[in-house]
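Report on the following structure.
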Amino acid sequence: MDTHFTYTLDDLGKTEFEGTPLAVIGHPIRHSVSPAMHNAAIAKLREQDTRFIDWAYYRFDIAPADFTEAVSLFYKHNFLGLNLTIPHKVQAMDLIYGVSPDGERMGAVNTLVWGEHGYDGFNTDGYGLKNALKTDLGVTLNGATVILLGSGGAARAAAVQCILDGCAKLYVGNRSVERLEQLMSVIKAMPGGDCAEAFALAEPPSDLPDQGVLVNATSLGLKTEDPAPFDVAHLPKGWAVYDMIYNPDATRLLQEARACGLPAANGLSMLVHQGARSLEIWSHAEVDAHTMMRAACRALNLPPRLG
Ligand code: NDP
């Protein structure tokens, strides 16, 4: 089996994935760096413990219409774990047997684990963000003021994590008011959720404290010509900026933040930490995030950096 290849639904019936297979499923998926990250971390685990001798992580392009059939085939073929990415994280909620409290609140799962009765679902995106903010920017969510941009799946995971970790104030802004209101109703229903406040993108929050973090969870910035989703000139000098986008390496938002002297980081560390947590859930072993970060940088042709 080739861990660099992109497999399809057809291959699930025709090909034998021996040993302990894992996979990332998405559509599109060809550019995912998850196989590189996970196979590097698995190789490291294998050096310490022979039970990982036959573990391998594959990549599958599965269209939304084929997702239900694919999940039952992955289960039948004993795939121990699946990572789900765009656009499958929400649809999976209807196909799993059990769901973690985080996954339930976030309304989406990105990690499935083979269980006796079916796959169980977890969401490691919030964990990934929390660790990335700490590692890259020295920001702890507890007691922090956060401005969150977006109301899609990634924003919902981020908002839930902010509330779970006890942020002092959470401002959420989004282009579509309807989606923003849906997210706010989920957050407000959580214990501690009354610190959340919606804002219109054209009227950013004022009277901000000296320190805080702005998190971009919109897809504005994925194209190099995209404008920044927020004018960082509104932020006090003690603020930090995190963009969940990692490709391109520096979005307009990050460029403008750095030009203003604000610490800023891209979403690669979030990707690495959510992946490390998934592998920990499957393996019950401690996973080295630095190994994953090195592999992700190699796969993206970026200079090595710490994870
Ligand atoms: P969704 O499609 O669920 O949400 C997209 C969000 O972007 C919505 O809030 C949408 O607003 C907003 N948006 C899209 N286009 C525009 C625009 N032109 N102007 C303003 N807002 C816009 O995507 P996800 O939540 O899954 O992902 C969001 C981003 O986070 C993506 O860039 C993704 O790559 C990144 N991500 C990174 C991860 C990591 O590990 N680093 C993990 C998960 C996601 P509206 O509601 O108005 O449409």
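Just so it is clear, the model here is predicted, and its values are computed rather than measured. Quick note: residue numbers are just sequence positions, from 1.
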Pairing residues for Glu280 by the salt bridge (charged side-chain N to carboxylate O under 4.0 Å, His left out) criterion, not counting sequence neighbours: Arg277
Side chains of Ile29 and Thr6: closer than 4.5 Å at any heavy-atom pair? yes
Mind checking the CZ-CG spacing from Phe74 to Leu9? Nearest 0.5 Å is all I need. 8.0 Å
Any chance you could lay out the salt bridge (charged side-chain N to carboxylate O under 4.0 Å, His left out) test for Arg252 and Asp226, step after step, and finish with the verdict? CA-CA 7 Å; Arg252 184 67 62 89; Asp226 279 348; over 6 Å; no
Return yes if some donor-acceptor pair links the side-chain N/O of [X] with the main-chain N/O of [Y] below 3.5 Å, else return no.
X: Arg156; Y: Arg105; answer: yes
X: Asn131; Y: His273; answer: no
X: Asn83; Y: Thr111; answer: no
X: Asn174; Y: Ser151; answer: yes

Is the distance from the ring center of [X] to that of [Y] below 6.0 Å?
X: Phe5; Y: Phe60; result: no
X: Trp282; Y: His38; result: yes
X: Trp114; Y: Tyr75; result: yes

Note: Ala240 and Val139 closest approach over all heavy atoms is CB-CG2, 4.3 Å
Residues pairing under ring pair (Phe, Tyr, Trp, His ring centres under 6.0 Å) where one sits in residues 237-258, two or more places apart or in two chains, turn out to be none
Taking 4.0 angstrom as the limit, do Asp125 and Lys89 come out as a salt bridge? yes
Just checking, Lys169 and Tyr171: is the charged tip under 6.0 Å from the six-membered ring centre and within 45° of the axis?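 Geometry flag: set, cation within 6.0 Å and 45°.
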